[in-house]
Structure formats: structure tokens, C-alpha cells
Amino acid sequence: QVQLVESGGGLVQVGGSLRLSCAASGRTFSSYAMGWFRQAPGKEREFVAAISWSGDSTYYADSVKGRFTISRDNAKNTVYLQMNSLKPEDTAVYYCAARTLAAVVVRPRAYDYWGQGTQVTVSS
């Protein structure tokens, strides 16, 4: 069993930055692919970014490419999402997810564990 706890969300102005963190329990964190997803009101959950177990491979949605950076620290069992140049359309609840298989995928259903989410609101 893996527990994921997100933090770092909040209210920020357009063009600002936030850094989300996701702390994971479990000794096998370093073997999991990790992902960040978001869900805005009335919309489906969408992929934002993912990272391989080693951190060597990263993937981004086109909408955040060049603005967001995903990283991980396996010694701290933590994955991060650095978000820069935020836009109003980035407003959503952001979820951290873990996949027990090594391959990185973008489909939410491929992930086995989810955090409770953290709200990010970008004001114009």
C-alpha cells in the first residue's frame, strides 16, 4: 500500500510560480513511475506530467511544456512539480499518482495510487 500526500497548492497571480510536493510512504517508492494530473470544475482529470522511477525520463502535456518541471528525490520519497508562468487555465485540483509498473504512461487509469489533491488557483 502506498499513501501519497500533496502540498504546496494555493492562490497565485498570473505569471507567478508554485512548487507542488508529493510525499509518498512505502519502501518501494523508488521503483514507481510517478505522475501529476489535474482536474478543473466540470472537466475530466487530465495528464500534466510524469517521471520514470529513475528520473531519467520525463513527459509533459503540451499545455504545460516549457513552464512546468517534474522531478523526484527518491531518498526523500518525494516528487515535485515546479510550475512557472502560471495561467488562469492552470486553475485546478492537482493530484499526485503512483504507478507500480516502471513504464511511464499518461492514462489516469494506469496509475494505482492517488493523493487527495491540492488546489491551485491562478487569478488574473
Side-chain angles (χ1 to χ4, degrees):
Q1 190 73 10
V2 175
Q3 291 187 331
L4 304 173
V5 179
E6 302 97 334
S7 62
L11 175 65
V12 64
Q13 291 187 336
V14 170
S17 298
L18 282 174
R19 188 194 197 201
L20 304 184
S21 299
C22 173
S25 64
R27 293 177 293 176
T28 56
F29 170 80
S30 60
S31 66
Y32 296 161
M34 300 294 296
W36 284 99
F37 294 80
R38 67 187 181 187
Q39 188 166 17
K43 295 187 177 182
E44 293 186 353
R45 190 168 299 189
E46 65 173 359
F47 169 76
V48 175
I51 189 167
S52 63
W53 68 272
S54 64
D56 290 344
S57 298
T58 57
Y59 301 86
Y60 298 94
D62 288 343
S63 58
V64 306
K65 207 171 288 184
R67 300 188 297 122
F68 290 11
T69 302
I70 188 171
S71 61
R72 66 190 296 163
D73 185 337
N74 286 342
K76 296 182 178 180
N77 279 14
T78 302
V79 63
Y80 305 97
L81 185 68
Q82 177 67 44
M83 305 186 296
N84 299 328
S85 302
L86 284 162
K87 305 175 181 180
E89 51 264 43
D90 294 319
T91 295
V93 177
Y94 282 71
Y95 297 91
C96 170
R99 186 167 191 261
T100 54
L101 297 179
V104 175
V105 297
V106 303
R107 293 176 291 112
R109 292 184 178 181
Y111 287 77
D112 302 291
Y113 302 100
W114 292 83
Q116 82 289 349
T118 186
Q119 176 70 46
V120 171
T121 303
V122 184
S123 65
S124 56

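All values reported here derive from a predicted model rather than from experimental measurement. Values reported hereafter were calculated over all heavy atoms of this structure, with side chains retained and with hydrogens, waters and symmetry mates removed.
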Any donor-acceptor N/O pair, T118 side chain to G9 backbone, under 3.5 Å: yes
Residue pairs involving residues 15-114 (criterion disulfide bond (SG atoms under 2.5 Å apart); sequence neighbours excluded): C22-C96
In this structure, are over 12 heavy atoms from other groups packed under 6.0 Å from E89 atom CD? yes
Once you measure the plane-to-plane angle for Y94 and F68, does it fall in the parallel (<30°), tilted (30-60°) or perpendicular (>60°) bin? tilted
Should we say atom NZ of K43 is surrounded by more than 12 heavy atoms from elsewhere, each under 6.0 Å from it? no
Can you find a heavy atom in the side chain of T100 that is under 4.5 Å from one in the side chain of Y113? yes
Would you say that Y60 contacts V48 through its side chain, given a criterion of any heavy-atom pair below 4.5 Å between the two side chains? no
With the side chain counted from C-beta on, respond yes when I51 and Y59 share a heavy-atom pair under 4.5 Å apart, and no when they do not. no
Criterion side chain to side chain contact (heavy atoms under 4.5 Å, CB included) on L4 and M34, from CA distance to verdict: CA-CA 11 Å; L4 304 173; M34 300 294 296; 4.1 Å; yes
Pairwise side-chain contact, S71 with V79, heavy-atom cut-off 4.5 Å (strictly under): no
Taking the side chain as every heavy atom from C-beta outward, state whether Q39 and E46 have any pair of such atoms under 4.5 Å apart. no
Please name the pair of heavy atoms, one in S124 and one in P88, separated by the smallest distance, quoted to 0.1 Å. CB-CG, 4.1 Å
Is there a side-chain contact between L18 and Q82 in this structure, where contact means two heavy atoms from C-beta onward sitting under 4.5 Å apart? no
Within 6.0 angstrom of Q3 CD, more than 12 heavy atoms from elsewhere: no
Do you know which two heavy atoms are closest between T78 and K76, and how far apart they sit? OG1-O, 2.8 Å
Sort out for me which residue in T91, L11, L20, V93 forms a side-chain contact (heavy atoms from CB on, under 4.5 Å) with V120. L20
Backbone N or O of V106 within a donor-acceptor pair of the Y111 side chain at under 3.5 Å? no
V5-L81 co-clustered via ILVMFWY side chain contacts under 4.5 Å: no
Can you pull the salt bridge (Lys or Arg N to Asp or Glu O under 4.0 Å) pairs that have at least one residue in residues 90-115, sequence neighbours excluded? R38-D90, R67-D90
Let me confirm one number: the OG1-NZ distance from T58 to K65, rounded to the nearest 0.5 Å. 9.5 Å
Axial cation check for F29 ring with R72, 6.0 Å and 45° limits: yes
Over all heavy atoms of both residues, which pair between A110 and V105 is shortest? Give the atoms and the distance, please. CB-CG2, 3.2 Å
What one should report as the nearest heavy-atom pair of P108 and W114 is O-CZ2, 3.3 Å
Donor-acceptor check, side chain of D73 to backbone of Y80, threshold 3.5 angstrom: yes or no? no
Taking it one step at a time, do V2 and Y32 satisfy side chain to side chain contact (heavy atoms under 4.5 Å, CB included)? CA-CA 10 Å; V2 175; Y32 296 161; 3.2 Å; yes
Ring centers of F47, F37 separated by less than 6.0 Å: yes
What are the two closest heavy atoms between S17 and S85, and how far apart are they? OG-N, 4.4 Å
Atom OG in S54, atom CG in N74: separation rounded to 0.5 Å? 8.5 Å
